[in-house]
Amino acid sequence: MNRTRLNRREFIQCAAFLSTGSAIAPSVLSMSKEQQDFVREHSDFLQHKTTNLFSEPQKSCAATVARHVIPSNDTPGADEANVALFIETMVQHWFSAAERKQFIEGLDDLIDINAQKFNHLNSQQQLSVLESLEDDASEAAWFDLGNTLRIWDSDAPFICQLKELVVLGFMLSEVGSTQFLKPNPMGMFAGSVTLKKEDSAHASQIPLRVLNKAVQ
Amino acid sequence: MSDFDAIVVGSGVSGGWAAKELTEQGLKVLVLERGKQVEHQKDYTTEHTPVWQLPYSGLPNRVQDAREHPIQSQTYAFNESNKHFWNNDRLNPYIQTEGAEFSWRRADIVGGRSLLWNRQVYRWSQLDFDANKNDGHGVPWPVSYDEIAPWYSYVEKFIGVSGQAEGLDHLPDSEFLPPMDMFGLEKTIQGRLSRKLPKLNFTIGRTATLTRPHNGRAACHYCGPCDRGCSGGSYFSSQSSTLPAAKATGRLTLISDQVVTHLLHNEAGTKVTAVAAVDTKTGGAKLYTAKLVFLCASTVGSTQILLNSKSKLHPDGLANGSKALGRYLMDHPKLTHTGIMIDNAAQYYQGNRPNGCYIPRFRNLNKQENHDFLRGYGYQANVLRADWQFDFNRKGFGADYKESLRQPGPFWIWALTGFQESLPNSDNTISLHPNKTDRFGVPLVVSKFNWSENEKKMANDNASYAGKIFRAAGAIQYNVADPGSLSVGGSSIHEMGTARMGDDPQSSVLNKFNRSHEVENLYVTDGAFMASSSCVNPSLSYMAFTARACEHAIKNL
């Protein structure tokens, strides 16, 4: 059997999931050559997709909105997590053709929201535009309580879809999963741990909506 | 002169056990597996892969899934991290009957679904083995609980089962490793149910997952996604457990990528003489010979092989003088109900427990009970803490919105899934299409499946009693599933029957030792042999009956 010791990067990758000191079998802490190859080839998936869908104004608009949804403050935000690239990747490769067309139209409408163009408004003006877009979308089912575990709401208004992409792009990123949320420590299971104010929710291993799809 | 003493078709839960038992008793064994090789540890490529390294951060590739995996992608355990383990539905299709759908969930790898299963293990009881005899549905079981109990112990000691002894006659205890911890919320619920619904039992799930090192395998480290494979071997799979034991004898040959198409028999029609297979990579056909053949290709797979082995002497399929082959297909109809709980909200948890809790069957435990349905159901109960994934769909921007996503939400979701027993029904069938074949020339499986009135009536009780449990447990709000929305057959992945056992060769395919009534060196020990379905997860019974069948086969060689 091919058991190779971890190099430092791979160890950190594993250690991100191992914050307790509990005894863990050595076999768990080492990775097979195939596993190591996989990890190398599958670093952040965004690095492995070619994106060339958005124009510069579209890129800029997506990044600006992402910053408004998840700003950088005492913790990293959408910029550090490369959320704009996530949005472009998903729209280019994950959306259906019809979803893509609708989304691009929404993005272009936002850019051209008034004579000054969205990207050139000041931050407060941009925020007002986004808030009014959200208010205009108030009737949408996207806002319904619990309407979050479907795979994708293709009928949601543009502003809602954009916000959802920002949230997914941030929360499922390495930055969002480790510096905003925290990985659930493995090594043991404890069913009651006092929740402290500074504690974050556990980061996702697979989006919950994926598990939920099988529930009738 | 045979190539091998025994051929085992399939390497999943049952096939792995047959390989272990037969090799350990001195037989030279060939295992033929239709799926590709997955070697323990080295081929668990996505184990511990963080979400941002998965394609689309683990969000399902809808276009690809609809094209390649329209059936498998409906499974809770199917996702971007493990789809390479599942059957490709485009390459390996089957035909469903309109209005009588059956969802066939299949792996396509060495180890089969033992790598992907949910690991819940429960013994059947005498109540289960008496069910057919008592109410007249199906054929009476030819085996009693006392006969199979030592075999349950035998397999449990090898695989390792964690759980809590409860002393219930209708859900006998296993040979337990220590139970896993409960969530604080579950302890709260357990206390309330014991006061308000004292006839219910609420216990930690019984799982083939190790809570301490066992037989050279590591204790669970609670990383979470078991279905990617576990290098520590902390849950039972063929790779972690039975295949290494078989290999250690030096008498195991395992060949992957071999689709068994049919079996050949002697002139008298009383013995299998060869197993015909096609290599999925080269398309080359090959015959393998052995003194003994164990079909462990899964409920549907084994029956497909037997139906496709028809001959002059066996015109309706091999070993099918009873005409029961392909009939009495079963699964567990289920309904999932959800409650919202605000108790223990100041508490969180650490580690991912690969297990839930269980409320064993409580209906029709004695003949005095009067319900409008026969048999019963049990609930599997799972706890989920709310987080941003439940409520990101709200208004707002900036630091406040961001902060609102950070902490766990102020409530828990408690999900109860009621798994019901289904009655054996001759109209629920697996057959072969008269002229459509797959890429290996094997006639396509045609499935036809409907729930009977008994299952539908039981669903009403399943739903209404869930409401009672939520109220007793203290849920502030709950949603009970519509009893008319029973899961599609097959989707509990507990498919059983189609080559049932029984004492009477006129009405059953196999005898009480899983041997064909008609073909003396042919055994079927996967879910196909089941004569009824109980309401508990069946895999442990496949293991016990397989080990017992192996002993019988060796004694009679």
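Here is how names work: the chains are called A, B, and so on, in the same order as the sequence lines, proteins then strands, and each is numbered from 1.
Listed by sequence position, A/H68, A/V69, A/I70, A/P71, A/S72, A/N73, A/T75, A/P76, A/G77 are the residues of residues 65-80 of chain A in contact with chain B, using a 4.5 angstrom heavy-atom cutoff.
Using a 4.5 Å cut-off between heavy atoms, B/R406 contacts chain A through both its backbone and its side chain. Proximity to chain B is limited to the side chain of A/L127, based on heavy atoms less than 4.5 angstrom apart. B/A415 does not touch chain A: none of its heavy atoms, backbone or side chain, sits under 4.5 Å away. Heavy atoms closer than 4.5 Å to chain B are found in the backbone of A/S173, but not in its side chain. Contacts between A/N147 and chain B at a heavy-atom distance below 4.5 Å involve backbone atoms as well as side-chain atoms. When heavy atoms are compared at a cutoff of 4.5 Å, A/K182 does not approach chain B at all. Interface remark: A/E198 contributes backbone atoms only to the contact with chain B (heavy atom separation under 4.5 Å). When heavy atoms are compared at a cutoff of 4.5 Å, A/L130 approaches chain B by way of both its backbone and its side chain. No part of B/R217 comes within reach of chain A, as not one of its non-hydrogen atoms sits under 4.5 angstrom from that chain. Only the side chain of A/L181 comes within less than 4.5 Å of a heavy atom of chain B; its backbone N, CA, C and O stay farther away. If you measure heavy-atom distances from B/Y401 to chain A, the contacts under 4.5 Å come from the side chain alone.
For A/Q92 and A/N52, the side-chain atoms include at least one donor-acceptor pair closer than 3.5 Å.
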Pair B/K187-B/D343, salt bridge (charged side-chain N to carboxylate O under 4.0 Å, His left out): steps then yes or no: CA-CA 11 Å; B/K187 292 174 185 166; B/D343 302 284; over 6 Å; no
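With chain A as partner, the option from B/D391, B/D387, B/D43, B/L405 having the largest number of non-hydrogen pairs under 4.5 angstrom is B/L405. Your options are A/S138, A/G176, A/S96, and the one with the most heavy-atom pairs under 4.5 Å with chain B is A/S138.
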